[in-house]
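Right, one structure below, let's go through it.
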Amino acid sequence: MLLGVIADDFTGAGDIANTIAKGLPGQGGLRTVQYLGIPPNAAAGDVEAGVISLKSRSVDAAIAVKQSLDALQWLLDQGCEQIVFKYCSTFDSTPAGNIGPVGKALAEALGVKGVIACPAFPQAGRTVYQGHLFVKDRLLSESGLQNHPLNPMTDADLRRWLRLQTNSDVGHVDIAAVRKGSQAIEAALRRNAEEERVLVIVDAITENDLVAIGRAAAAHRLVTGGSGIALGLAANFVERGLARGTDTASPGVDGPEAILAGSCSGATREQVEIHGRNHPILAIDVAGVMDGKVAISDLTSFLLANRGRAPLVYSSGSPDEVQAIQARFGREKVAEALDTLFADAARALIGAGIRRLVVAGGETSGAVVSALDLGALTIGPEIDPGVPVLISHGDAPVALALKSGNFGAPDFFSKALERLSGR
């Protein structure tokens, strides 16, 4: 294994696995496998990049650090030359963590400073300019992410946000240096390391910027960022002759389908509304879940009865609706109850023969795949930017699409089911 990734959620893991497996046009990427948690055994001998999916984004920072260091050790034991800490392209965290504490702990474990921190993902409208994170033409703090139900992002200044999380100075490489190329970027990172800065925000507006940053990171033991940071990393290994380069062709899986949507993002709510124009959908009564009036069978009976019609169940709500439910029952209790509901429903659906499963929402996806315990997943074709087909191994394979809340085209759900079947 050459490249190891520690991802703080399951949708993000699939996102960066997709980027690494694709590589740059004309080159191909690395033979990539996504692991659901830290594997109990060594990786297969032909794996060139391993992506460990953790559910550490919203847990206590100390727990996130411990899980990430355990993942680091497993990846190093596989021989990885370079480690990537992957977090959300919307820098999804709180003033207490977990991006800063985990990034700093990994850097200390590897004995490095001047570590790239770049969540940019231009294909999805996420760019970093003058150390600030934008979502399309809006600052992150004005993009709707300030209403995130678990990790509201109220400040777009990434240096200031990381200083709160790490209590230390944070460096910056501006877009002018990035546009001068990889040597200028590496020189700027080296200066930050000499000045004892561990994490360094690096501006990036286009994919070409990210490729240049990736080139600059060729000899770095640790890189942190969103999936876009991996755009140029696979090429570093391919061009050195250490990797063969591959594609993401996949036969897909045919069989009954279901869609579970737990994200409350604006993009997912629009996707649910559009899907409901031509397919059966069911809104989950969240208050009923909290009062014990909604059972798993309410979801599964609806989905199984509508097999063949792309059925969908969702808990998505507007920011006002979400805040009202959280005020009534408590934010953590609502999140835990819905995660448990979706996880148990997914397990029941797979047991009943569902073979194509689409899940929307990072926390929901994490709960679902943890419950399914599918082990290693093969990376298939890209459905939409940042969302690949994932296929489990074994006699009864399952095809998954795990979508971060704000990702995907308006018709994502129908498109995903088609791609999961290999069409």
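Only a predicted model underlies this, so the values are computations on that prediction, with no experimental measurement involved. These values consider heavy atoms only, across backbone and side chains, with no hydrogens, waters or symmetry-generated copies.
A 4.5 Å side-chain heavy-atom check between Val313 and Leu303 finds at least one atom pair inside the cut-off. Using a 4.5 Å heavy-atom cutoff, the side chains of Leu390 and Ile379 are in contact. At a threshold of 4.5 Å between non-hydrogen side-chain atoms, the residues Tyr35 and Leu75 do not count as touching. Looking at Val200 and Val115, their side chains never come closer than 4.5 Å, going by heavy atoms from C-beta outward. Side-chain contact between Val102 and Asp8 is absent, with no heavy atoms from C-beta onward closer than 4.5 Å. At least one side-chain heavy atom of Ile284 sits less than 4.5 Å from a side-chain heavy atom of Phe342. Residues Leu30 and Phe237 are in side-chain contact: their nearest non-hydrogen atoms beyond the backbone lie under 4.5 Å apart. Between Ile52 and Val5 the shortest side-chain heavy-atom distance does not fall below 4.5 Å.
For the pair Glu363 and Ser58, the tightest heavy-atom approach, listed with the atom from each and the gap, is OE2-OG, 3.2 Å. For the pair Thr127 and Leu133, the tightest heavy-atom approach, listed with the atom from each and the gap, is O-CD1, 3.3 Å. In plain terms, the two heavy atoms of Leu2 and Ala243 that are nearest each other are CD1-CB, 4.0 Å. Contact detail for Val128 and Pro119: the closest heavy-atom pair is CG2-CD, 3.9 Å. For Ala17 against Gln34, the heavy-atom pair with the smallest separation is CB-OE1, 4.4 Å. Of all heavy-atom pairs spanning Val198 and Ala107, the tightest one is CG1-CB, 3.5 Å.
Taken to the nearest 0.5 Å, the CG atom of Leu417 stands 9.0 Å off from the CZ atom of Phe412. A distance of 7.0 Å separates OG of Ser89 from CG of Asp15, quoted to the nearest 0.5 Å. Of the inter-residue distances, the one linking Asn236 atom CG with Glu239 atom CD reads 7.0 Å to the nearest 0.5 angstrom. Separating the OG atom in Ser301 from the CG atom in Leu282 is a distance of 8.5 Å, to the nearest 0.5 Å. A distance of 8.0 Å separates CG in Asn406 from SG in Cys88, rounded to the nearest 0.5 Å. If you take CG on Asp291 and CG on Asp285, they are separated by 8.0 Å, rounding to the nearest 0.5 Å.
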As a quick check of understanding, evaluate side-chain hydrogen bond (donor to acceptor under 3.5 Å, both in side chains) for Asp92 and Thr90, giving each step before the final call.
CA-CA 5 Å; Asp92 192 1; Thr90 53; 5.1 Å; no
Applying side-chain hydrogen bond (donor to acceptor under 3.5 Å, both in side chains) to Lys403 and Gln271, what does each step give before you reach the verdict?
CA-CA 11 Å; Lys403 183 190 85 71; Gln271 289 159 350; 3.0 Å; yes
side-chain hydrogen bond (donor to acceptor under 3.5 Å, both in side chains) for Gln326 and Glu332? Distances and angles first, verdict last.
CA-CA 8 Å; Gln326 289 179 338; Glu332 288 78 14; over 6 Å; no
For Asp339 and Lys55, what are the C-alpha separation, side-chain angles and deciding distance, and is it a salt bridge (charged side-chain N to carboxylate O under 4.0 Å, His left out)?
CA-CA 12 Å; Asp339 281 354; Lys55 196 172 186 293; 3.6 Å; yes
Chi angles and distances behind the side-chain contact (heavy atoms from CB on, under 4.5 Å) call for Val84, Ile6:
CA-CA 6 Å; Val84 179; Ile6 302 166; over 6 Å; no
Please walk me through it: do Asp411 and Ser414 pass side-chain hydrogen bond (donor to acceptor under 3.5 Å, both in side chains)?
CA-CA 6 Å; Asp411 63 344; Ser414 296; over 6 Å; no
Between Val178 and Val202, is the side-chain contact (heavy atoms from CB on, under 4.5 Å) condition met? List the steps.
CA-CA 8 Å; Val178 171; Val202 182; 3.8 Å; yes
Could you go step by step and tell me if Asp60 and Asn98 meet the side-chain contact (heavy atoms from CB on, under 4.5 Å) rule?
CA-CA 8 Å; Asp60 181 80; Asn98 291 343; over 6 Å; no
Test side-chain contact (heavy atoms from CB on, under 4.5 Å) on Arg126 and Phe91; report intermediate values, then the result.
CA-CA 10 Å; Arg126 278 72 157 165; Phe91 220 71; over 6 Å; no
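Using a cutoff of 4.0 Å between basic side-chain nitrogens and carboxylate oxygens, Arg309 and Glu257 are not scored as salt-bridged. Taking the charged nitrogens against the carboxylate oxygens, Asp157 and Arg163 have no contact shorter than 4.0 Å, which rules out a salt bridge. Between Arg356 and Glu418, none of the side-chain N atoms (NZ, or NE/NH1/NH2) sits under 4.0 Å from a carboxylate O, so this pair counts as no salt bridge. In this structure, Arg269 does not pair ionically with Glu321, as no charged nitrogen and carboxylate oxygen lie closer than 4.0 Å. Taking a cutoff of 4.0 Å between a charged side-chain nitrogen and a carboxylate oxygen, Glu48 and Arg31 do not qualify as a salt bridge.
A side-chain donor-acceptor contact under 3.5 Å links Asp209 to the backbone of Thr206. With Thr11 contributing its side chain and Leu402 its backbone, the two residues share no donor-acceptor pair below 3.5 Å. In this structure a side-chain-to-backbone donor-acceptor pair under 3.5 Å is missing from Asn18 to Gly14. Proximity of a side-chain donor or acceptor of Trp74 to a complementary backbone N or O of Asn41 within less than 3.5 Å is detected. The backbone N or O of Glu81 sits less than 3.5 Å from a side-chain atom of Arg221, completing a donor-acceptor pair. Judged by distance alone, with hydrogens and angles left aside, the side-chain atoms of Ser392 form a donor-acceptor pair with the main-chain N or O of Val398 at under 3.5 Å. Put simply, the side chain of His279 gets close to the backbone of His275: a donor and an acceptor are under 3.5 Å apart. No side-chain donor-acceptor contact under 3.5 Å links Asp384 to the backbone of Gly408. Remark: side-chain polar atoms of Gln82 are paired, donor with acceptor, to backbone N or O of His220 under 3.5 angstrom. Side chain of Thr268 to backbone of Ser265: no donor-acceptor contact under 3.5 angstrom is found.
No side-chain N or O of Ser93 forms a donor-acceptor pair with one of Tyr87 less than 3.5 Å apart.
Taking the six-membered ring where the residue is Trp, Phe134 and Tyr129 present tilted rings, their angle falling between 30° and 60°.
Of the residues listed (Gln73, Gln67, Lys66), the one engaging Asp70 in a side chain to side chain contact (heavy atoms under 4.5 Å, CB included) is Lys66, and it is the only one.
Annotation: Gln130, atom CD; neighbour count of heavy atoms from other residues, nucleotides and ligands within 6.0 Å is above 12.
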